[in-house]
Amino acid sequence: MVGGTDDNRTPSGPPRRWPGRVFDRGVDPDPRFSLANERTFLAWIRTSLALFAAGVALEALTLPIAPGLRRAAAVVLILLGAAAPVQAFLGWLRTEAALRLGRSLPPPTLAVPLGLGLVIAGALILIGLLV
């Protein structure tokens with residue numbers, strides 16, 4: 001306790017929540033909406049894990065795919081796996097802020113790059129199988 005308050009409370013008493021740029025504005029939405037937003041965040045995290053696993057498996061398993069194309073597809077999948085948590089966090093931030101301010105929900109920030117990356121990885125695998 002410092003000056004009559006503990007570290008997680010503002011001087012007026014209610015607990016501080018991180019990130020302040022989201023929780024310090026607007027009003028709390030219906031908890032069901034915030035929980036749905038959290039589930040979407042977790043779905044992006046699961047997607048990230050699946051992309052990492054696919055990239056590692058593609059490189060680790062002996063598959064009848066041209067080695068250079070197999071490695072390129074694996075790298076693309078691993079990079080997409082690294083981008084998905086960025087989408088998860090940015091999407092959660094933007095959606096929570098929109099809910100608190102009564103605005104329209106924003107589209108996924110990285111949906112197009114992630115989709116294009118999957119098309120590229122699929123094309124590399126297909127070409128690698130045919131060569």
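The structure displayed is predicted, hence computed values, not measured ones.
- Taking every heavy atom of both residues into account, Ser34 and Pro29 meet most closely at OG-CG, 3.4 Å.
- Note: Ile125 CD1 to Leu77 CG = 6.0 Å, rounded to the nearest 0.5 Å.
- Hydrophobic clustering keeps Leu114 apart from Leu79 (ILVMFWY residues linked when any side-chain heavy atoms are closer than 4.5 Å, directly or through intermediates).
- Nearest heavy atom pair, residue Leu80 against residue Pro113, reads CD2-O, 4.1 Å.
- A continuous path of hydrophobic side-chain contacts links Leu118 to Leu129 [ILVMFWY only; heavy atoms under 4.5 Å].
- Of all non-hydrogen atoms in Arg25 and Ala97, the two that sit nearest each other are NH2-CB, 3.5 Å.
- Among pairs with a residue in residues 82-110, those fulfilling salt bridge (Lys or Arg N to Asp or Glu O under 4.0 Å) read Asp28-Arg100, at least two apart in sequence or across chains.
- Hydrophobic cluster membership is shared by Leu93 and Phe23, with clusters built from Ile, Leu, Val, Met, Phe, Trp and Tyr side chains linked at under 4.5 angstrom.
- Following chains of ILVMFWY side-chain contacts shorter than 4.5 Å, one cannot reach Leu99 starting from Phe41, and the two form parts of different hydrophobic clusters.
- Here side chain to side chain donor-acceptor pair (under 3.5 Å) pairs that include residues 39-61, with residues two or more places apart or in two chains, are Glu59-Arg71.
- The distance from the CH2 atom of Trp92 to the CD1 atom of Ile45 is 12.5 Å, given to the nearest 0.5 Å.
- Between atom OG1 of residue Thr95 and atom CG of residue Asn37 there is a gap of 4.5 Å, rounded to the nearest 0.5 Å.
- One finds the CG atom of Leu58 at 5.0 Å from the CD1 atom of Ile65 (value rounded to the nearest 0.5 Å).
- In terms of heavy-atom proximity, Pro85 sits nearest to Gly81 at CD-O, 3.0 Å.
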#### Entry: Verdict with supporting geometry, Leu51 and Ile78, side-chain contact (heavy atoms from CB on, under 4.5 Å)
CA-CA 6 Å; Leu51 289 165; Ile78 290 169; over 6 Å; no
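- Connection of Leu63 to Val76 is established within a shared hydrophobic cluster, with ILVMFWY side chains joined at heavy-atom distances below 4.5 Å, either directly or through further cluster members.
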